[in-house]
Amino acid sequence: MNKILSNKNQKGPDNIIKSLCLLAVEGELAHSILLETEDTAKKGLKSALCIAKTLLCHKQGKSPCNTCTACRKIDLGSHPDVKIVSAKPGYKAIRVDDIREIRLDAYLSPNESEYKIYIISDGGLINEQAQNVFLKILEEPPLNIKFIIICESKFLMLPTIRSRTQIFELGDEHNIKFSAKIKETINQILSAIVEKNDFALLKATAELVKNKDNFSKIIKELYYIISEICIQRTKNEDMKNYPGFNNISIKRLLKIRRAIIEIKDMINKNVNTQIAVCEFCIKLGGN
Ligand SMILES: [Zn+2]
């Protein structure tokens, strides 16, 4: 268990997208998700389309097949249930009228799929007035609707929208050079999970109540690590990077990942760090 972070784990953006696709397959994506990336036009859109394809792919695998009619239509931009929303020609912002149009359309059933998907190509372009109208849709989301908002920074969206949205960062934060102390804490947490040792978990996280920044970094990294482990386990891949995790059931792994996502949401919603750390220990301990 000591070398988990010293391995060259491939936690690049592609793996983040894979884990998002896995969430889509498991039906764990909220009505609204936000992909935070500086590269909204390429990386953001590519990721959003990949998630859309996974949701609508006829083969219903863990990633899009890229060959069925649904996947091909999405690639060609001709799928009637996948709409890319941008500022209208001649306008610099996505305006109230644009969001009202979506609102009317969103309550109509999908044309040929299980979901209707709206990809908002740049959330930063939705002006505040329009965001308030958008919020109304999120407060009473129509069935079978997914909004994928691509945005340079989640802080460009109103806090009320953020609190109803799952936020995923596609940046290169997985390349963060962790301090030795953070690496040690992550390894202690992973060991405590493997050994089902609640006391070790409490001990590893004790100091984090005073350090929101470190806790947030650790939760992000744990999210990538556990997602990667879930992907490897579901593909029956060799787990040599994560010794000890071979013996944990997929059901428990998914439960752990869900708990980490919930803690990530708490951090995004600015919940008090002491409460978030406490919740983390309750959710991950005792199972
Ligand atoms: Zn397909």
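First listed ligand is number 1; within each ligand, the first listed atom is number 1.
Side-chain N or O atoms of K43 include one that pairs as donor or acceptor with a backbone N or O of L170 at under 3.5 Å. Of the possible polar contacts, one joining the Q131 side chain to the L158 backbone as a donor-acceptor pair under 3.5 Å is found.
Below the 2.8 Å limit, the Zn ion (ligand 1) has as protein N, O or S neighbours C57 SG, C65 SG, C68 SG, C71 SG.
Within the structure, the ring pair (Phe, Tyr, Trp, His ring centres under 6.0 Å) test picks out no pair touching residues 60-117 (sequence neighbours left out). Applying the ring pair (Phe, Tyr, Trp, His ring centres under 6.0 Å) definition to pairs two or more places apart or across chains, none involves residues 38-67.
In this structure, I148 CD1 and L49 CG are separated by 8.0 Å, a value rounded to the nearest 0.5 Å.
Annotation: ring pair (Phe, Tyr, Trp, His ring centres under 6.0 Å) contacts of F147 (sequence neighbours excluded): Y118, F134.
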